2 protein chains.
Amino acid sequence: MLAARHFSIGEMCDEFSVTARALRFYEDEQLISPERRGTQRLYSERDRARLAWILRGKRVGFSLADIREMLDLYDVGDHRETQRLVTLERCRNRIATLERQREDIDTTIAELTDFITLIDASPKE
Amino acid sequence: MLAARHFSIGEMCDEFSVTARALRFYEDEQLISPERRGTQRLYSERDRARLAWILRGKRVGFSLADIREMLDLYDVGDHRETQRLVTLERCRNRIATLERQREDIDTTIAELTDFITLIDASPKE
DNA sequence: CTTACCGTTGACGCGAACGTCAACACAACC
DNA sequence: GGTTGTGTTGACGTTCGCGTCAACGGTAAG
């Protein structure tokens, strides 16, 4: 096996363009939980994947609480029947709101595009 | 001509499912500026269109400041050459971020869908 | 007239998502 | 051994987007 690589908080900040404060905040909010070597944080590949999820979630407008819930969905190894149904339900809800968002985005893009052609086609002579 | 219809703040609240507080806040922030009959607000069709824009903007994750900027783009009747170019530039930037958002949304939907098939295909017997 | 009801302007409060210190620890380098 | 760089934990400050009173005004109905 390859020795699992780890990353310092500084490296994470550079790579993902976030502040250390933000990373620590996400940890407080239980979105990521890096290991420690003594007192220092060591981020694994898994932590990086989670962070990517977090940032993507933020870009599409989810709150940290929302994102935490979604990450948790992936985590519960415990897929008892009822729990499983709840998870499915929530996933589907998420998807539904995402699809609505996409419609909104398309509408907005269309309007802005129309507007561009409008003012682009009427230059002052 | 038809007499232009106007709407009270209460009607607006019902129709768009927003609170009066929010509407007044948007007004403070110069996103809408309804007329007044005495002290009371009278919302026109134009105000309604703007509000729809605002709410759509919010759903796609824009800040009120962002939305205000976009609404302002439509407003400046003054399309002098330089101003016009600035407007075009901003519109294109907006569109670019919107398209990126849509990619993020698609990715997220895909992952959630994969996850659903995963846990949906492994029911406890 | 008075009781409702809808509306108005402040002003303060609040949760989210960090920013910004302060004070300290540890390791490397000169 | 001192300094520089990178990290740590509090703790308080800040911006955004309203919520939530309080105190008041107009008007329509009984």
Side-chain angles (χ1 to χ4, degrees), chain A residues 5-44 47-48 50-72 94 97 101 104 108, chain B residues 5-44 47-48 50-72 94 97 101 104 108:
Chain A
R5 245 214 92 184
H6 288 94
F7 304 82
S8 74
I9 199 171
E11 290 170 322
M12 295 292 279
C13 294
D14 291 348
E15 265 203 62
F16 291 93
S17 303
V18 290
T19 66
R21 179 68 181 90
L23 290 179
R24 296 191 192 107
F25 183 72
Y26 298 154
E27 193 173 341
D28 283 352
E29 300 291 305
Q30 323 234 31
L31 294 167
I32 22 176
S33 31
E35 304 165 36
R36 300 292 182 117
R37 181 178 52 194
T39 165
Q40 291 183 217
R41 290 165 175 83
L42 288 182
Y43 294 87
S44 68
D47 294 322
R48 289 158 53 86
R50 289 182 75 107
L51 181 55
W53 239 97
I54 295 168
L55 298 180
R56 191 148 36 73
K58 288 201 56 182
R59 288 197 304 266
V60 304
F62 284 136
S63 72
L64 292 187
D66 288 338
I67 294 171
R68 193 198 132 132
E69 222 200 80
M70 299 211 274
L71 286 172
D72 286 350
R94 286 298 173 197
T97 79
Q101 263 186 266
D104 284 332
T108 308
Chain B
R5 245 215 92 186
H6 288 96
F7 304 84
S8 75
I9 198 170
E11 292 170 321
M12 294 293 278
C13 293
D14 291 348
E15 266 202 62
F16 292 93
S17 302
V18 290
T19 65
R21 179 69 180 90
L23 290 180
R24 296 191 193 109
F25 184 72
Y26 299 155
E27 193 173 342
D28 284 351
E29 300 291 305
Q30 324 233 27
L31 294 167
I32 21 177
S33 32
E35 304 164 36
R36 302 290 183 119
R37 181 178 51 194
T39 166
Q40 292 185 215
R41 291 165 175 82
L42 289 182
Y43 293 88
S44 67
D47 294 322
R48 289 159 53 86
R50 290 196 133 222
L51 181 55
W53 238 97
I54 294 169
L55 298 179
R56 190 148 36 73
K58 288 200 55 183
R59 288 198 302 269
V60 306
F62 284 135
S63 72
L64 293 186
D66 287 338
I67 295 171
R68 192 199 132 128
E69 223 200 81
M70 299 209 274
L71 286 173
D72 286 349
R94 286 297 171 201
T97 79
Q101 262 185 268
D104 284 331
T108 309

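Below, chain A is the first sequence line, B the second, and so on; all start at residue 1. Every value quoted in this text rests on a predicted model; they were computed, and no experiment measured them.
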Would you mind classifying the nucleic acid contact of Arg41(B) as base, sugar-phosphate or nothing, using non-hydrogen atoms under 4.0 angstrom?
-> sugar-phosphate
Take the protein atom CG of Leu23(A) and the nucleotide atom P of dT6(D), then report the distance between them rounded to whole Å.
-> 16 Å
Rounded to the nearest Å, what distance is computed from the CZ atom of residue Arg21(B) to the P atom of nucleotide dA22(D)?
-> 16 Å
Decide, yes or no, whether a salt bridge links Asp72(B) with Arg68(B) under the criterion of side-chain N to carboxylate O below 4.0 Å.
-> yes
Spacing of Asp66(A) atom CG relative to dA17(C) atom P, expressed in whole Å = 8 Å
Between atom CD in Gln30(B) and atom C1' in dG17(D), what is the gap in whole Å?
-> 16 Å
Taking atom P of dA17(C) as reference, at what distance in whole Å does atom NZ of Lys58(A) sit?
-> 7 Å
Consider the side chain of Leu64(B), meaning its heavy atoms from C-beta on, and name the nucleotide among dT8(D), dC18(C), dC18(D) that approaches it most closely.
-> dC18(D)
Quick one: which of dG17(D), dC12(C), dA17(C) gets closest to the side chain of Ser63(B)?
-> dG17(D)
Rounded to the nearest Å, what distance is computed from the CD1 atom of residue Ile32(B) to the P atom of nucleotide dG17(D)?
-> 14 Å
Taking atom types as modelled, is there a side-chain donor on Arg41(A) or Ser8(A) under 3.5 Å from an acceptor on the other?
-> no
Identify the heavy atoms of Leu51(A) and Leu23(A) that sit nearest to each other, and give their distance.
-> CD2-CD2, 3.8 Å
Is Tyr26(B) near enough to dC18(D) that one of its side-chain N or O atoms lies under 4.0 angstrom from OP1 or OP2?
-> yes
Checking dC18(C), dG19(C), dT8(C) against the side chain of Thr19(A) (C-beta onward), the nearest is dG19(C)
Verify the neighbour count for atom CZ of Arg36(B): are there more than 12 heavy atoms of other residues, nucleotides or ligands below 6.0 Å?
-> yes
To the nearest Å, give me how far apart CD1 (Ile9(B)) and P (dC5(C)) are.
-> 19 Å
Could you tell me the separation between the OH atom of Tyr43(B) and the P atom of dG7(C), rounded to a whole number of Å?
-> 10 Å
Give a yes/no on whether any side-chain N or O of Thr39(B) is located under 4.0 angstrom from OP1 or OP2 of dT9(C).
-> no
Contact class for Arg37(A) (heavy atom, under 4.0 Å): base, sugar-phosphate, or nothing?
-> nothing
Could you tell me whether Arg48(B) and Glu11(B) make a salt bridge, using a distance below 4.0 angstrom between a side-chain N and a carboxylate O?
-> no
Between Glu29(A) and Arg36(B), which is nearer to the 5' end of DNA chain C once each is assigned its nearest nucleotide?
-> Arg36(B)
